[in-house]
Amino acid sequence: MNTAHIYNQIQSVLEQISNAALAAGRRPEDVDLELAIKTRTTEECEAAARALLDLGRPVLMGQNRVQEAEVTTPFLRGLDLANLTTTMIGPLQTNKINKALRVVDQIETIDSVKLAEAINKRVKDRRLDVMIQVNTSGEASKSGADPREAIEVAKGVAGLDNLHVIGFMTIGAHTPDEVAIRKSFSDLREIRDQALTLPGLEDARELSMGMTSDFALAIAEGATRVRMGSAIFGARK
């Protein structure tokens, strides 16, 4: 692992995020970089976390798999890093909820009231920040609520005592067509904007959307959080 390389890549990505935000008439500080740390070592995660802190940014560590989070999250928490938030950005199976709740601070992949209810029953001594994942591209390979049902899902989740809806998440359309990609992001923004007008969803401001290949388009459509891994760490091993 080359710590300097990770630092330089994060600095470069943050500059790209800043440029994309300015081009869209937005403030760069309104878009956070969330690290997608699937398959990454604890040493790589530490280097990236310390780079973000050094550059004055929050430390958002996106976990795809509970079993990996069980290793990296305790390690990172043991470093006593400021502004550390571990998020779940991969699908969560109900049989792994208890384990997940021990190692993540937020869950971005709530796609049904049923899943939310199962999580709500297991949350103890806190309100868990969650997002509603929406399949705005309509691709069968992707998880997420149907866009036509997303508001009802959000309302149902907001009615649960132990969950706090802070926004919405999607994965952009898998296509070279930029118009289609942008629509998958703008559709989520419109869902979010509607949700903000409803009781219990006043805090649902976050838009987690955009990855290494399409983050600039996501920022143009209002992303507040972009999830990136390979641009920083290189291809997964």
Side-chain angles (χ1 to χ4, degrees), residues 4-38 47-62 83 85 87 89 106 108-109 129 131-139 142 144 147 150 166-197 201-236:
H5 175 73
I6 289 176
Y7 185 98
N8 290 338
Q9 289 302 107
I10 285 182
Q11 190 171 40
S12 174
V13 165
L14 288 173
E15 289 175 359
Q16 294 173 57
I17 289 172
S18 176
N19 291 337
L22 291 171
R26 302 180 60 203
R27 302 189 309 168
E29 59 267 31
D30 290 340
V31 186
D32 290 324
L33 169 60
E34 181 171 26
L35 299 177
I37 58 173
K38 181 179 179 181
R50 293 196 184 281
L52 285 170
L53 285 176
D54 188 59
L55 293 165
R57 304 296 294 184
V59 182
L60 295 171
M61 308 299 277
N83 297 320
T85 302
T87 67
I89 59 174
Q106 299 178 357
E108 295 189 22
T109 50
D129 287 344
M131 297 189 197
I132 310 303
Q133 182 176 2
V134 185
N135 185 358
T136 53
S137 68
E139 295 165 5
K142 292 177 180 173
I166 62 168
F168 295 81
M169 178 266 225
T170 198
I171 300 171
H174 183 62
T175 173
D177 184 351
E178 288 193 2
V179 173
I181 297 171
R182 288 190 66 144
K183 186 176 188 305
S184 66
F185 295 143
S186 64
D187 284 352
L188 191 72
R189 185 190 68 243
E190 291 173 4
I191 290 168
R192 188 278 311 268
D193 290 349
Q194 182 182 350
L196 286 172
T197 68
L201 292 170
E202 298 90 347
D203 295 334
R205 298 182 184 88
E206 296 280 0
L207 284 176
S208 176
M209 58 189 195
M211 298 187 288
T212 297
S213 63
D214 57 17
F215 73 92
L217 298 177
I219 290 171
E221 294 298 340
T224 64
R225 184 181 292 193
V226 293
R227 308 180 302 274
M228 300 174 70
S230 60
I232 294 156
F233 303 106
R236 291 184 184 136

- Taken in chain and number order and not counting sequence neighbours, the residues that satisfy salt bridge (Lys or Arg N to Asp or Glu O under 4.0 Å) with D54 are none
- Message: Working note: S137 + H174, criterion side chain to side chain contact (heavy atoms under 4.5 Å, CB included); need CA distance, chi angles, decisive distance, verdict.
- Response: CA-CA 8 Å; S137 68; H174 183 62; over 6 Å; no
- Verify, without hydrogens or angle tests, whether T224 (side chain) and L207 (backbone) share a donor-acceptor contact under 3.5 angstrom. yes
- Does NZ in K183 sit with more than 12 non-hydrogen atoms of other residues, nucleotides or ligands closer than 6.0 Å? no
- Query: Which atom names give the shortest non-hydrogen contact between I219 and A24, and what distance separates them?
  - Reply: O-CB, 4.3 Å
- Message: Can you tell me how far apart OG1 (T87) and CD (E108) are? Round to the nearest 0.5 Å.
- Response: 4.5 Å
- Query: Quick one: does L35's side chain get under 4.5 Å of L52's, heavy atoms only?
  - Reply: yes
- Task: Please tell me if the side chains of T136 and F185 come closer than 4.5 Å, counting only heavy atoms from C-beta onward.
- Result: no
- If you look only at pairs with a residue in residues 13-26, which of them pass as a side-chain hydrogen bond (donor to acceptor under 3.5 Å, both in side chains), with sequence neighbours excluded? S12-Q16
- Message: Can you tell me how far apart CE (M209) and CZ (R189) are? Round to the nearest 0.5 Å.
- Response: 7.0 Å
- Is the closest side-chain heavy-atom distance between I17 and P28 below 4.5 Å? no
- Item | Side chains of V31 and F215 in contact at under 4.5 Å (non-hydrogen atoms) | no
- Please tell me if the side chains of E206 and Q106 come closer than 4.5 Å, counting only heavy atoms from C-beta onward. no
- Query: Under a 4.5 Å cut-off applied to non-hydrogen side-chain atoms, are L33 and L60 in contact?
  - Reply: no
- Mind checking the OG-CD1 spacing from S186 to I181? Nearest 0.5 Å is all I need. 12.0 Å
- Test item: N8 side-chain N/O and H5 main-chain N/O as donor-acceptor pair under 3.5 Å: no
- Message: With a sphere of 6.0 Å drawn around CD of E178, does it hold more than 12 non-hydrogen atoms of other residues, nucleotides or ligands?
- Response: no
- Considering only heavy atoms from C-beta outward, does the side chain of P147 approach that of D187 to under 4.5 Å? no
- Taking salt bridge (Lys or Arg N to Asp or Glu O under 4.0 Å) as the test, write out the residues that go with D203, two or more places apart. R205
- Between the main-chain N or O of A173 and the side-chain N or O of E139, is there a donor-acceptor pair closer than 3.5 Å? no
- Task: Answer whether the closest heavy-atom distance between the side chains of E29 and R57 falls below 4.5 Å.
- Result: yes
- Please report the C-alpha distance between T85 and E34 in whole Å, then the side-chain angles of each, then the deciding distance to 0.1 Å, and finally whether the side chain to side chain contact (heavy atoms under 4.5 Å, CB included) criterion is met. CA-CA 10 Å; T85 302; E34 181 171 26; over 6 Å; no
